[in-house]
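Notes follow the structure.
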Amino acid sequence: MAPSLDFSNWWPKDARKGTPVVVKMENPNYSVVEIDGPDAAFRPVEKSRGKNAKQVTWVLLLKAHRAVGCLAWIASLFWALLGTIKKRLIFRQDVAMASEKLGKGKLLFTVIKAFLVTSLTILAFEVVAYLKGWHYFRNPSLHIPRSTDIQGLLHLVYVTWLSVRADYIAPPIQALSKFCVALFLIQSVDRMILSLGCFWIKYKKIKPRIEGDPFKSDDVEGSAYEYPMVLVQIPMCNEREVIKTQLPLPGKQVPVNCDRKDLARTKNIQEWNKVYEQSISAVCQLDWPKDRLLVQVLDDSDDESIQYLIKAEVAKWNQKGVNIIYRHRLVRTGYKAGNLKSAMSCEYVQAYEFVAIFDADFQPNPDFLKQTVPHFKGNPDLGLVQARWTFVNKDENLLTRLQNINLCFHFEVEQQVNGVFLNFFGFNGTAGVWRIEALEESGGWLERTTVEDMDIAVRAHLNGWKFIFLNDVKVLCEVPESYEAYRKQQHRWHSGPMHLFRLCLPAIITCKIAIWKKANLILLFFLLRKLILPFYSFTLFCIILPLTMFVPEAELPVWVICYVPVFMSFLNILPSPKSFPFIVPYLLFENTMSVTKFNAMVSGLFQLGSSYEWVVTKKAGRSSESDLLASAEMESKIMNQLQIQRGPSESELTELNRLKEQKEAAPVPVKRVNKIYRKELTLAFLLLTASVRSLLSAQG
């Protein structure tokens, strides 16, 4: 038998356990070998193969091919983006040409574009100067070289620019910035005073209250109640917008826990809910004696199909016993003011004491009149009771959330404080009740501006009438969900007051009211909150602030550009505490909208072409969850009744049948196309260029 060899004892004890052992030979000609285990010495050694020049060339060519493919993909993506922008610009070509004919926004866009080109040129020039080693642009007064040290024509131009910047450009910017900072501080103090007034109202629980039973007659003994005659007006114009909701089949009950999303997911009857249907339905369900209430639907639509649908809706409610009439003007002048003026000229209006106004997207609660009209009893000098707006689509997108911040501050702070301490504020145009005597004594509705609500409020205040704002009475409505609709709305809201200020200033000065009321109207109501606010917002934060990045000699203090704006934004968000996560987007959004507001303010102040432009704000026709459930129950009852009952009039029944056919035919949805807003984008690039300049300067 062959002898057996045991190699296990040849290795150290640690090596048998798998511990790596390094063996180093004493002869320096040998290399160091690392052995990972007992079998490592018997493994074949892999020979590394070297790469020749041909293989290296192929690798480089492969990498170059990948790089070229990546660049081609980026170029194609960029080209597609440019193509999309070009298509959208062509889509807006007709609108842009019409706007240029009117001169609307052309001058402002040219100024912003000139600033952008200048800033890009200066930034490129300073980068070149820095690369050439001219590192004295931070403090040119200490480092400007002498004439003997000029190195060439470019160096001479750069040194001349530094001298001109320090001696001629910086002083005017500093003077204008000081003026705007002073206006900014004055407006901030006004906001703080309003906020403190709101805190005081909350602390003292101050609010208008109804004393006793307002409807109990003093002349009649017993429990007789007397309700005043109330006229309700619903002005509307071309309300085409619809929202698709899902309603259950007739005879089926609506689930108790059914919400809006559940209704949208069901696949039963599809109902197209028009905007005008919501407002007419809500007004017709007001809790008020039928013989003491009249509803006027004031339709200014120029589309015959919409006119017919609204007529049929009025006929449907007239069948149910509601005192409602339909009015359409043949001569459509004066926009909303002309519509309301025409309705008030009817002879039967003389029998009514109060008039409530609701726009097409407003949905008052059934107890609205019982919460507002009683305040007039015992207050013969009270002319207006204004309710607060609440928004059914405030959480729809970021734009609606930011609008909710502004409007909550407007109602809860501005309107409430002015109503409690001054008994005067601007009428919001809807969700309010007027004493008809106050309207007639103040001259009625005038067609001279696009802010007829503010116009009648100012004239009523000059005639001695008082106003009350009810923060607890809320009316559902909508805010614009698209930037296009919001921009047009803001243009009307900021151009109209300046136009009105030019018209009302002589009357305010010559009016026989207290001096402090005149000062409040001129200095606070018009100048500070309607003129100064958009002026300094645009000039200080969109013009001067970017310029100071390129002119370090006119640098603004940190508290102006950071601390005070953040604090003011914090105060604005206080009435809507759920919006605190959006404080940064809100601050940036206000700077963006300052372009539109400043442009509108200038057009209204100087009566440019767009100062008397009225564009109906688009609505989505959204309903709250409770409204959807109530509508579902009501529609199912109506459909069941229509199966066993006939209308009293053959013509009305025909209209109802045709209306049903219109509902069954689903309207074709309009394709939405995003638009390019040149002024806003140009200003954004200007601010971005200034921020790049500031960042480069901070990094040396």
Side-chain angles (χ1 to χ4, degrees), residues 232-248 250 254 260 263-264 268-286 295-301 303-328 356-366 368 392-393 430-431 475-478 481 616-639 641-642 647 652-653 655-670:
V232 181
Q233 295 177 335
I234 311 175
M236 57 181 62
C237 179
N238 294 330
E239 302 296 344
R240 297 185 178 90
E241 290 74 19
V242 296
I243 179 172
K244 186 177 180 182
T245 58
Q246 305 288 337
L247 301 178
V254 181
R260 180 177 175 179
L263 286 174
N268 297 323
I269 296 179
Q270 295 183 350
E271 189 73 23
W272 290 88
N273 189 14
K274 279 76 175 178
V275 173
Y276 64 83
E277 288 182 353
Q278 293 182 359
S279 59
I280 294 176
S281 174
V283 169
C284 290
Q285 297 181 60
L286 289 173
V295 179
Q296 282 184 324
V297 179
L298 311 177
D299 182 25
D300 251 5
S301 304
D303 191 335
E304 293 183 358
S305 61
I306 298 178
Q307 295 177 23
Y308 172 77
L309 291 175
I310 298 177
K311 285 181 182 178
E313 184 70 17
V314 171
K316 182 181 75 173
W317 285 101
N318 197 8
Q319 262 192 329
K320 300 177 183 178
V322 178
N323 193 9
I324 182 172
I325 59 175
Y326 173 87
R327 277 184 56 86
H328 177 74
I357 302 173
F358 299 100
D359 283 349
D361 59 319
F362 278 70
Q363 307 165 45
N365 293 326
F368 175 83
V392 68
N393 62 336
T430 177
V475 181
L476 277 176
C477 63
E478 297 179 21
E481 296 182 5
V616 179
T617 305
K618 292 183 179 180
K619 296 99 177 175
R622 298 194 181 276
S623 302
S624 62
E625 297 176 4
S626 58
D627 292 335
L628 287 174
L629 296 175
S631 177
E633 294 177 353
M634 183 183 66
E635 290 293 333
S636 61
K637 292 179 181 179
I638 292 175
M639 294 180 68
Q641 292 176 0
L642 288 177
E652 290 179 353
L653 182 60
E655 289 185 355
L656 287 175
N657 292 333
R658 295 182 62 181
L659 176 63
K660 186 177 180 181
E661 294 177 0
Q662 289 282 347
K663 289 183 177 181
E664 291 176 355
V668 180
V670 180

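- Note that the CD atom of E313 and the OG atom of S281 stand 7.5 Å from one another [nearest 0.5 Å].
- Residues I234 and L298 fail the side-chain proximity criterion, which asks for heavy atoms closer than 4.5 Å.
- By the side chain to side chain contact (heavy atoms under 4.5 Å, CB included) test, N365 is found to be paired with D367, residues two or more places apart in sequence or in another chain being considered.
- Between the side chains of S305 and D303, a donor-acceptor pair is found at a separation under 3.5 Å.
- Counting only heavy atoms from C-beta outward, the side chains of D361 and C477 approach each other to under 4.5 Å.
- D299 places a side-chain heavy atom less than 4.5 Å from the side chain of Q307.
- Proximity of C284 to I324: side-chain heavy atoms (C-beta onward) are separated by under 4.5 Å at one or more points.
- Taking each heavy atom of P366 and Q285 in turn, the nearest pair found is CB-O, 3.5 Å.
- The side-chain hydrogen bond (donor to acceptor under 3.5 Å, both in side chains) test applied to Q233 returns Q296, not counting sequence neighbours.
- Here OH of Y326 is found 5.5 Å from NZ of K311. Values are rounded to the nearest 0.5 Å.
- Taking 4.5 Å as the limit, every side-chain heavy atom of V295 sits out of range of all side-chain heavy atoms of I325.
- Partners of T430 under the side chain to side chain contact (heavy atoms under 4.5 Å, CB included) rule, at least two apart in sequence or in another chain, are F358, D359, F362, W389.
- A distance of 14.5 Å separates CZ of R327 from CD1 of I310, quoted to the nearest 0.5 Å.
- We find the CD-CG distance between E304 and L309 to be 12.0 Å, quoted to the nearest 0.5 Å.
- Counting all heavy atoms, side chain and backbone alike, V392 lies closest to E478 at CG1-CG, 4.0 Å.
- Taking the side chain as every heavy atom from C-beta outward, E481 and N393 approach each other to under 4.5 Å.
- Contact check for L286 versus P364: side-chain heavy atoms found under the 4.5 Å cut-off.
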